[in-house]
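Below: one structure, written as structure tokens.
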Number of protein chains: 2
Amino acid sequence: MTTSANGRRRPPTIHDVAREAGVSRGTVSRFLNGGHYVSPAARRAVEAAIRKTGYVVNRHARSLSTGRSDSVAFLLTEPQEKFFEDPNFNVLLRGCTERLAQHDIPLLLMLAESDDDRRRLTRYITSGHVDGVLLLSNHSGDPVAAELHDAGIPLVVCGKPIGLGSKVSYVAAADREGAQEMVRHLLTGGRRRIGMVTGPLDMPGGPDRLAGYRDVLAEAGLPYDPALVVEGDFRRSGGERAARRLLAQAPDMDAVFVASDLMALGVVNVLQQAGRSVPGDITVGGFDDSPAATAIAPALTTMRQPFDRISAEMVRMLLAQIAGEDTAGVILPTELVVRDSA
Amino acid sequence: MTTSANGRRRPPTIHDVAREAGVSRGTVSRFLNGGHYVSPAARRAVEAAIRKTGYVVNRHARSLSTGRSDSVAFLLTEPQEKFFEDPNFNVLLRGCTERLAQHDIPLLLMLAESDDDRRRLTRYITSGHVDGVLLLSNHSGDPVAAELHDAGIPLVVCGKPIGLGSKVSYVAAADREGAQEMVRHLLTGGRRRIGMVTGPLDMPGGPDRLAGYRDVLAEAGLPYDPALVVEGDFRRSGGERAARRLLAQAPDMDAVFVASDLMALGVVNVLQQAGRSVPGDITVGGFDDSPAATAIAPALTTMRQPFDRISAEMVRMLLAQIAGEDTAGVILPTELVVRDSA
DNA sequence: CTGAAAGCGCTTACAG
DNA sequence: CTGAAAGCGCTTACAG
């Protein structure tokens, strides 16, 4: 630390390091950026000088010079932000933050609630303030993914973006296969009138999990009964509403597959209030393995989404794109977690 | 947008705007920074030029020039990050992000889990990469607040930092008064053997809520019975453990004040499993009014923490500090929310 | 009110 | 392998 006239500390610059090490600033910079074309002697001198001065690179100067920002946005768009209550969100945000930190890349959190926000943030992002975007937005109507993609911004979406085809890189869990496995598990328990609470059908995780449910019904030679299927909204309250409808439409239901744990909380609650025991009268299978799964009695049998792997993969792919590589879609397997509800 | 030889878009610079407007770059810059000393004619020309070119300021260049980063860190330190499951965290993070966005200031999310992380981040922060820090860290042993404060970094802590006295600016809820109000409410219901599950006593919200409980007991002429008080950890599982101990130590307990909603979830669960009805046999009062409060049956009577105001106040104070003003501690009132559990 | 110019701290061809 | 130098896009005294 150098102290200037006014007593405020002035952080050491590359110049201070160069002087201390007896080399040019160019050499220090080369050392900082991979150490190519730096002699062992120079390297040692620079290392010592950095230690002595406590030098830390000024990222603004570096970014101005390189045109890269060395930071990444984690963007949550309007429809999705409602799911801020969703514990999955935390797990993903945290996973991405940690992975990026390993690469010394700060994460900028951005929330786009209104159209105004969306425009402002798209502008901010396309102006080069971040090198890439991790996007949590899945409603099919959301234009953000397409906008960013078209602007050439490195982008990885969480969940398979409906309608964008293979244009955009994404990381998703194996929704269909996971749903299949859960419904097979319910069947194994001897149940035959299996209901389902789906996610919104315009979001990833909506149609695919429903498809998995239908796959297994067909596979088992059971009829598809529309009275057994209700669309939910991935929220707890939506699970409650759905359960009430199912109870009314299909009172003989003996099992139910709920497309998210949060909704399953609501479902179990309503079933119990209606005097149905879980898993005695009705077995319940969830999806996510979120903290919510163990927050109720009975603890929820569910399909675990590999959130750690999802965030790791998102970050890996984004960094690859930033480095100029092409990336595609990745689908990660889910895992059945058997607890008490089914 | 200007297109350079290689076909990549080059964002317009202040230079492009100046040329377009027929003024100097200095004039454009003055317009950008408050518009002082800019004639109406020049202002109009610059406005038009900005619109035409689609100019957006390059923050790296600005930061390099001004020494400010125009960004802020939201820092979660090790002990606190365990509470990532805590829905309160989401509400605060979101509130701060929104408020900062209104000032066009990006929020950098930082997680310090290990001592290594802590050192790295402290270094990052004190190197001027952010203008200030919003800190969620409350364990009394946590050195981060003191470190940042001593380094002269603008800093606002969420929750009253134990042990730092009035050195550090903070925003907190009125824990003691809130606890008093809840315990009075339980008394009003006619209960006399009122238990308490506290938070960790080395965290804000720990001792103060306990103090409020004792205040009202004394006020009502009731004895303080240590068998009725168990320390929790602000987690759901800790609430369960605490409830089991209370049931064993004080089987005649007829009400319980739980220092967080998440713990209250666990408490209600254990009480019900033990065959005690809520609120029939035992009334339960929580603290927070988190989404968890309405996630159980019966819905939880609780003290609402004004999280929106807390995050707004944190941001306001931090910006004031960055602008050179002094700020102190702020305590915001809580509000009793009566539902079904008490 | 305005322009010319220095300077912020880096990186990166370029010439050696 | 190394140094000198240009350049990244802004802001801000300074002189007018």
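Heavy-atom basis, side chains included; hydrogens, waters and symmetry copies ignored. The sequence lines fix the lettering, A, B, ..., with proteins before strands; numbering per chain opens at 1. The structure displayed is predicted, hence computed values, not measured ones.
For the OP1/OP2 pair of C:dT11 and a distance below 4.0 Å, the side-chain nitrogens and oxygens of A:N33 include at least one atom meeting the criterion. A close approach under 4.0 Å does occur between a side-chain nitrogen or oxygen of A:T27 and OP1 or OP2 of D:dG3.
Rounded to whole Å, the distance from CD1 on B:I50 to P on D:dC10 is 10 Å. In this structure, NE2 of B:H15 is placed 13 Å from C1' of C:dG3, rounded to the nearest angstrom. Atom-to-atom, NE2 of A:H36 to C1' of C:dA13 comes out at 16 Å; the value is rounded to the nearest Å. If you take CG of B:L32 and C1' of D:dG9, they are 12 Å apart, rounded to a whole angstrom. The CZ atom of A:R59 sits 18 Å away from the C1' atom of C:dC8 (whole-angstrom rounding). Rounded to whole Å, the distance from CG on A:D16 to C1' on C:dC10 is 13 Å. Rounded to an integer number of Å, the gap from CG of A:L64 to C1' of C:dT12 is 14 Å. Rounded to whole angstrom, the span from the CG atom of A:N58 across to the P atom of D:dC10 amounts to 16 Å.
Backbone-only contact: B:Y55 has heavy atoms under 4.0 Å from sugar-phosphate atoms and none from a base. At the heavy-atom level, B:S39 lies under 4.0 Å from the strands shown only through sugar-phosphate atoms. Counting non-hydrogen atoms under 4.0 angstrom, B:R25 reaches a base of the nucleic acid. Residue contacts for A:R30: at a heavy-atom cut-off of 4.0 Å it reaches a base atom on one of the strands shown. Across all strands, B:T66 comes closer than 4.0 Å only to sugar-phosphate atoms, never to a base (heavy-atom distances).
Of the candidate nucleotides D:dG9, C:dT2, C:dG3, C:dT2 has the atom nearest to the side chain of B:Y37. Among the nucleotides D:dG9, D:dT12, C:dT11, the one closest to any side-chain atom of A:I14 is C:dT11. For B:A61, the listed nucleotide lying nearest its side chain is D:dG9; candidates were D:dG9, D:dT12, C:dC10.
The pair B:E313-B:R316 meets the salt-bridge criterion, since a charged nitrogen lies less than 4.0 angstrom from a carboxylate oxygen. A salt bridge does not link B:D16 to B:K52: none of the charged nitrogens lies less than 4.0 Å from a carboxylate oxygen. With salt bridges taken as basic N to acidic carboxylate O contacts below 4.0 Å, one links B:D150 and B:K167.
As the counterpart of D:dA13, no nucleotide is assigned, since no Watson-Crick or G-U wobble pattern has both distances under 3.5 Å. Look at C:dA4: it lacks any Watson-Crick or wobble partner with both distances under 3.5 angstrom.
A donor-acceptor contact under 3.5 Å is not formed by the side chain of A:S65 with the base of C:dG9.
Remark: the separation of the P atoms in D:dC10 and D:dC14 is 24 Å, to the nearest Å.
Comparing A:T13 and B:V23 by the nucleotide of DNA chain C that holds the closest heavy atom to each, the one mapping nearer the 5' end is B:V23.
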CA sep, side-chain torsions, deciding dist, call: B:I331, B:Y170, side-chain contact (heavy atoms from CB on, under 4.5 Å): CA-CA 8 Å; B:I331 293 184; B:Y170 65 87; 4.1 Å; yes
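Considering only heavy atoms from C-beta on, B:V46 comes within 4.5 Å of B:V23 through its side chain.
Of the possible polar contacts, none joining the B:S29 side chain to the B:R25 backbone as a donor-acceptor pair under 3.5 Å is found.
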